[in-house]
Number of protein chains: 2
Amino acid sequence: MTSDALVDALVRSTFQVVGVLTRIGAERDLSLTQLRVLGILRDRRPRMTELAAFLGLDKSTLSGLIDRAERRGLVARGKNPQDRRVVDVFLTPAGLELAEQVYGEVRRALTPATARLDPQDGDQLVQLLHTVLHSPD
Amino acid sequence: MTSDALVDALVRSTFQVVGVLTRIGAERDLSLTQLRVLGILRDRRPRMTELAAFLGLDKSTLSGLIDRAERRGLVARGKNPQDRRVVDVFLTPAGLELAEQVYGEVRRALTPATARLDPQDGDQLVQLLHTVLHSPD
DNA sequence: TATTGTTATACTCTATAACTATA
DNA sequence: TATAGTTATAGAGTATAACAATA
C-alpha cells in the first residue's frame, strides 16, 4: 500500500530532522521544546495559555519552561492591560538574537540535504508537504 | 531563497508529525523516545551501545530507558555468547504487540493527511523525502 | 463560579562521572 | 589498558492536583 510507505517516509524524515534540531539545540543548551518556543516567539507575543495550547503542553509545564528561559534572559513575562489575570510572553533582544542564530544554523545544517534537489523538485516538495500536513484534518 | 522555504517546510512538518507521535504515544504512556525504541526493535536485536548510538543517546540514558521498558515487560535483555560484556536488547511478545498496535495507529492517524495526495503525488513525495534525507551528508 | 496562571509533587528523560566486569 | 554496561547524581521536561488572583 502506497499510504504506508508514505507514512513510513514521513516518520523516518521526522526523526532525522528531530536529530538535527536536537543536536543544534544541545550546542546551546536548548531542548527541542525550548527551540520551538524561541521559534514561535520570533513573531508572536502570546499569553501563557495560548502558547501552552499551541505546543500541546499543560499550562503548568509551560510555567516551568518559561521560568527557565526567563532565568537565562531569553524571554520575559508582561502584564496584559485588558485582563490582569493574563501573562503575555515575548522574546528579549538576547532571545531574539539566539533564535535567529540557532535557526540560521538549522538552515545551514539542512542545506546540504535540500541542495540535493534541483529548484523544481524543491518547490514540488514544499508544495507536497504543504498539501499533506498543512491542511485541516 | 527556495532552500529556506524548503527547510521551513521540513521543520514545520517535523513538529507536526512529532505532535501526532507524542499524542499517540501518550495514550499508552510511551514517550517519543520509547516509541522510537519500540519501532527500532521491531526488526533488530542490537546491543546496548549500538542502540544508544543509533538513537544519539548516552549509554547511561539508554540503561534507564531499557530499565523502565523492561519493568513494563516490553523489552528484555539477553546475554551475548561471543562477548560476555555485551547486553543484547529485544522486544518481548507483549512489546511487539504494542509496537504493532501503536504504529498501526500512527498510520491511521496520518492516513487522512496522506490520502489528500493522489497515488502519483504520494510516490513522488516518498521519492523526494528519500532523496533529501536518506543520503550521506 | 469560571478562568489564568503558579506551585507542589512525582515521574521520565538526559548527560557526566565513577564504577564493575570482561576483553 | 580499553570497552560494555550500570549506578549515582543532578537538572530539565512533563502531567496532575491544589491553590491564588481576577473576571
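Keep in mind it's a predicted model, so treat the numbers as computed, not measured. Numbers restart at 1 for each chain; the letters A, B, ... are given by sequence-line order, proteins then strands.
- Side-chain atoms of B:R116 come within 3.5 Å of backbone atoms of A:T131 as a donor-acceptor pair (strictly under, hydrogens ignored).
- Using a 4.0 Å cut-off, no side-chain N or O of A:R47 falls inside it from OP1 or OP2 of C:dG5.
- In this structure, B:L35 atom CG and C:dC13 atom C1' are separated by 15 Å, rounded to whole Å.
- Put simply, the side chain of B:R107 reaches to within 4.5 Å of the side chain of A:D8, judged on heavy atoms.
- Heavy-atom distances to DNA chain D give each of A:P81 and A:K59 a nearest nucleotide, and the one nearer the 5′ end belongs to A:K59.
- For B:R68, taking side-chain heavy atoms from C-beta onward, the closest of the listed nucleotides C:dT4, D:dG5, C:dT14 is C:dT14.
- Whole-Å rounding puts the A:I66 CD1 to D:dT14 P distance at 12 Å.
- When distances are taken from the side chain of B:Q34 to each of C:dT16, D:dT22, C:dC13, the shortest belongs to C:dC13.
- Checking C:dT14, C:dT4, D:dT14 against every side-chain atom of A:T33, the shortest atom distance belongs to D:dT14.
- Under a cutoff of 6.0 Å and an axis angle of 45°, A:R108 and A:Y103 do not form a cation-pi pair.
- The residue among A:G64 and B:D88 whose nearest nucleotide of DNA chain D is located toward the 5' end is B:D88.
- The base of D:dT3 lies close enough to the side chain of B:R85 for a donor and an acceptor atom to sit less than 3.5 Å apart.
- When the C1' atom of D:dG13 is taken as reference, atom CG of A:L57 falls 9 Å away, rounded to whole Å.
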Please assess A:L128 against B:Q124 for the test side chain to side chain contact (heavy atoms under 4.5 Å, CB included), listing each intermediate value before the final yes or no.
CA-CA 9 Å; A:L128 290 171; B:Q124 169 113 37; 3.8 Å; yes

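- The distance between atom CG of A:D58 and atom P of C:dC11, rounded to the nearest whole Å, is 18 Å.
- In this structure, A:E27 atom CD and C:dA15 atom P are separated by 14 Å, rounded to whole Å.
- In this structure, the CG atom of A:L65 is 18 Å from the P atom of D:dG11, given to the nearest Å.
- In this structure, B:L62 reaches neither bases nor backbone, as no heavy-atom distance under 4.0 Å exists between it and the strands shown.
- Candidate nucleotides C:dA15, C:dT6, C:dT4 were compared by shortest atom distance to the side chain of B:S60, and C:dA15 ranks first.
- Residue-level contact check: A:S63 touches the bases, meaning some heavy atom is under 4.0 Å from a base atom.
- With C:dT22, D:dA15, D:dG5 as the choices, the nucleotide that has an atom nearest any side-chain atom of B:D83 turns out to be C:dT22.
- The NZ-P distance, from B:K79 to C:dA21, rounds to 13 Å in whole Å.
- Residue contacts shown for A:S31 are limited to sugar-phosphate atoms, with no base heavy atom under 4.0 Å away.
- The side chain of B:R84 approaches C:dA23 more closely than any other nucleotide in the set C:dA23, C:dT14, D:dT6.
- In this structure, the CG atom of A:N80 is 11 Å from the P atom of C:dT4, given to the nearest Å.
- Proximity of B:R77 to the phosphate of D:dT6: a side-chain N or O atom is located under 4.0 Å from OP1 or OP2.
- Counting only distance, with no hydrogens or angles, the side chain of A:Q16 and the backbone of B:L133 share a donor-acceptor pair below 3.5 Å.
- A:R77 forms no cation-pi arrangement with A:F90, by the criterion of a distance under 6.0 Å to the ring centre and an angle within 45° of the ring axis.
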